[in-house]
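Let me begin by presenting the structure, written as structure tokens, before commenting on it.
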Amino acid sequence: MPSPREETVPELKRPVATLWGVGPERAELLKRLDIHTIEDLLLYRPRRYDDRRYFMRIADLQKGEPATARGTIVAMGLKRFRHGTKSVFEIVLDDGTARLHCRWWNLPYMQNYFSQGDEVFVFGKLLQTKPRTMDHPETEVIEGGEESFVHIARITPIYSLTEGLPQRWLRGLIWRALARFEGQLDDVDQPALGRGLQAASTTVARATMKRPEGRAPIHSREAGSLPSRANAVHMIHFPEELSDVEIARQRLALDEFIELQMQIRARRQRFEANARALPCGGDNHLIKPFLSKLGFKLTESQTQVLREIRADMRGAHPMRRLLQGDVGSGKTVVAACTALMAIESGHHVALMAPTEILADQHFANFKKWLEPLGIQVEIQTGSRKAERSESDAGGKRMIFVGTHALFSSGFDLPRPGLVIIDEQHKFGVAQRDQLVRKGDYPHVLVMTATPIPRTLGLTLYGDLDISVIEQMPGGRGRLNTFVRGSDKLPEVFKFIREKISAGRQAYVVYPRVDDAGDKELKAVTAEFENLKTVFATFKIGLLHGRLAGHEKEAVMAGFRANEIQVLLSTSLIEVGVDVPNATVMLVENAEQFGLAQLHQLRGRIGRGAHTSFCILVSNAKNPEARRRLRILEETADGFKIAEADLKLRGPGQMLGQEQSGLPKFRFGDLAEDLNLIRQAREWVKGERPRLAGGG
Ligand code: ADP
Ligand code: MG
């Protein structure tokens, strides 16, 4: 009996333990699968499907090919060996065409699940044919009775389980829950969603039909109809055709994306309702002289992006804009111009970088660029504190450059009109939000060189407008990338010595396992000693996360001044560092880095007029790892690389799950569902996106 209190809770939101047949013990097991409510149960996605309408004759099973068969147990037994420490349990199935041996090594308790005469489904790969044998196949004993039609003679869902939870029981439970509750599914959360979706669905279905490759082909249904949510949930568990599964998945993924976009939009609307913008459009009286003394002309892309930014800075709501541009595309100058707009309009600016090295570099650049214009530039990092007189007398407009220390550590930042965040992904979404609260609604420009695949951009940064610098500044030397085995290291070192003798500088990058770890520190230090011998006539610098701020600074300053010719570093230098004379980069154990990260790393070179060389050294025996690295030999397009990385490693790994702030999807697939994400976004906006994200 539901208690009176429960009656106010929608049935789908009630604990799964309120279902008939789910006792406290089973409820506990379901919890391990993250199934808490009835809705969780209905949305629990099968791991795969077994087509039990047809199965292979045992005689027809092919070695190495996964297949489903069924047969009767004609023999079974457990053998122990090595004084009872090892065992193998075996059943022999017969289906009238042949016999199949199924073995489980060191799982003696398997014998409790079978009896002689049982009829059994097996799914697995034939290991050998004499005798026909499968090791550790998936099995399910076929039982007659009421619910047998749930489990056999159909496309049957197979779920991930946890120990003690039988496949058959869970499937039966879901079947019964569907029968009772699936009608309520359309009404969950957003009644309006169901209606609106029909419009969105139409386009999605069309997009789906056109899909040229990839998932299983969609079998024809009337154009323009995705199933209802209830139907989709039913189909995801008990599809009539395997092709239904993808249709259902898309419908459910669309729901997830719409829900997320609604949240994003709600957040943005709350923000716009509460936040008024400071007029920061500027009047060009500083930008003009700045650009004329810069020494190069802005690219068309940079100019276009600045136009978008200026429109925001003049607008009614504070700017929330993401600036994407591949490494070396020239985001810093754009940041400087944006800062000048705010300063022209009489406001302070804060520029936040993810590392001290980068903050130092920005500080140096901004000082060089802006102090001649009478603008005061200050730095605030963990190790460097702004020396600022109590009242910045004279009303001089200032730029504060720093790390996150700018916004913590009790530093009394005068209210900025503009906050610029460089290399945004290093901060994560949570920190971004924190910043907005602190900053009293300044304009915010976030910049990232991580070429975020569009799917992720629209999801992660759905509440930001996006500008992209698509063009690289001209006058750059070529950047060549090579993948080499570590047996080639002597030649690689020789090559680097030649380049240094010709006046260039080199980075040697050592993988960061954990930049705070002792083991890794030892490894880097050993490598440092090694390099001292290899490059005996040159000066080597060492950079790692354990150095104090001023030590890092000293090393970087030495490298910038070419007093240090070879800089050995952990992936610390990944972001932003700009030393145009450095034209060689050697990355050791390259297979330990993600592709996007390697692309970032090599963005440190190829910044001057000289041809640059990135050598990725890998010991990986695994040909897959080599192939992955080859992508970097083939393309310099950061977006392509990011998409490849996303597909290879998934978004969590690519961005770091906890850092990324990515929501977890049951059905949505960020690497594949760009179309659905767009549909969701357009539908929620009720309009075409102003500036569709990505490149
Ligand atoms: P990133 O986008 O990776 O932050 P930077 O802003 O560090 O790139 O710029 C890389 C280099 O290109 C810098 O040395 C910068 O001065 C130079 N640069 C930027 N814009 C241009 C341009 N329009 N023409 C020539 N050089 C440029
Ligand atoms: Mg940069």
Side-chain angles (χ1 to χ4, degrees), residues 287 290-307 309 321-340 351-370 399 401-403 420-427 445-452 466-479 504-505 507 556 559-562 571-583 585 596-610 612 614 636-639 641-642 695:
I287 291 189
F290 168 68
L291 289 179
S292 70
K293 278 188 225 130
L294 193 56
F296 52 78
K297 211 168 154 287
L298 294 187
T299 62
E300 241 165 72
S301 253
Q302 285 168 320
T303 311
Q304 172 56 29
V305 160
L306 278 169
R307 220 172 281 140
I309 289 172
R321 188 167 285 277
L322 175 70
L323 174 59
Q324 286 191 350
D326 212 339
V327 275
S329 61
K331 292 182 294 296
T332 317
V333 180
V334 171
C337 291
T338 308
L340 287 176
L351 167 60
M352 183 157 87
T355 63
E356 295 200 4
I357 290 179
L358 206 52
D360 285 337
Q361 180 180 293
H362 283 323
F363 177 59
N365 271 330
F366 276 59
K367 236 173 136 74
K368 181 181 76 192
W369 283 337
L370 304 183
I399 297 188
V401 180
T403 54
I420 302 172
I421 307 173
D422 195 14
E423 306 298 351
Q424 134 80 15
H425 71 291
K426 296 277 163 186
F427 285 107
L445 179 68
V446 293
M447 310 199 291
T448 178
T450 308
I452 299 154
I466 300 178
S467 294
V468 185
I469 305 182
E470 278 162 351
Q471 191 182 17
M472 285 292 191
R476 298 273 169 88
R478 272 184 60 78
L479 196 168
R504 305 285 81 75
Q505 288 164 275
Y507 296 100
M556 275 317 293
F559 191 62
R560 275 202 192 93
N562 198 2
S571 52
L572 259 187
I573 55 153
E574 178 184 342
V575 280
V577 170
D578 186 31
V579 180
N581 191 47
T583 59
M585 174 173 285
Q597 201 185 4
L598 285 169
H599 181 65
Q600 283 281 303
L601 279 169
R602 74 173 169 183
R604 301 307 112 227
I605 56 174
R607 295 180 159 245
H610 296 279
S612 288
C614 174
D637 181 333
F639 281 98
I641 290 163

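Counting starts at 1 for both ligands and their atoms, in listed order. All values below were derived from every heavy atom in this structure, side-chain atoms included, with hydrogens, water molecules and symmetry-related copies excluded.
Under a 3.5 Å cut-off, the side chain of Gln302 and the backbone N or O of Lys331 do not form any donor-acceptor pair.
The heavy atom nearest to atom 9 (O) of ligand 1, considering only Gly330, Pro580, Pro473, Ser301, is found in Gly330. Nearest-residue assignment for atom 20 (N) of ligand 1 (options Gln302, Glu300, Lys331; heavy-atom criterion): Gln302.
Considering backbone and side-chain atoms together, Trp369 places no N or O closer than 3.5 Å to any N or O of ligand 1.
In summary, the atoms of ligand 1 found under 4.0 Å from a heavy atom of Leu298, numbered by their order in the structure, are 23 (N). Of all atoms in ligand 1, numbered sequentially from 1 with element shown, those under 4.0 Å from a heavy atom of Thr299 are 23 (N). Near Arg607, meaning under 4.0 Å from one of its heavy atoms, ligand 1 places the atoms 3 (O), 7 (O), 10 (C). Of all atoms in ligand 1, listed by their number and element, those nearer than 4.0 Å to a heavy atom of Lys297 are 22 (C), 23 (N), 24 (N). Near Thr332, meaning under 4.0 Å from one of its heavy atoms, ligand 1 places the atoms 4 (O), 5 (P), 6 (O), 7 (O).
Residues satisfying the side chain to side chain contact (heavy atoms under 4.5 Å, CB included) criterion with Glu300, sequence neighbours excluded, are Gln471. Partners of Ala336 under the side chain to side chain contact (heavy atoms under 4.5 Å, CB included) rule, at least two apart in sequence or in another chain, are Phe290, Phe366, Trp369.
With a 4.0 Å cut-off on non-hydrogen atoms, Asp578 touches ligand 1 through its side chain and not its backbone.
Of the N and O atoms on the side chains of Asn581 and His610, not one donor lies less than 3.5 Å from an acceptor on the other residue. Between the side chains of Ser467 and Arg321, a donor-acceptor pair is found at a separation under 3.5 Å.
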Derivation of the side-chain contact (heavy atoms from CB on, under 4.5 Å) call for Ile469 and Leu323: CA-CA 8 Å; Ile469 305 182; Leu323 174 59; 3.8 Å; yes
Leu291 vs Cys337, side-chain contact (heavy atoms from CB on, under 4.5 Å): CA-CA, chis, key distance, verdict: CA-CA 9 Å; Leu291 289 179; Cys337 291; 4.0 Å; yes
After noting the C-alpha distance and the side-chain angles of Met352 and Asp422, does the key distance pass the side-chain contact (heavy atoms from CB on, under 4.5 Å) rule? CA-CA 6 Å; Met352 183 157 87; Asp422 195 14; over 6 Å; no
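Under a 4.0 angstrom heavy-atom cut-off, Gly325 registers as lying outside contact with ligand 1. The shortest heavy-atom distance from Gly328 to ligand 1 is under 4.0 Å.
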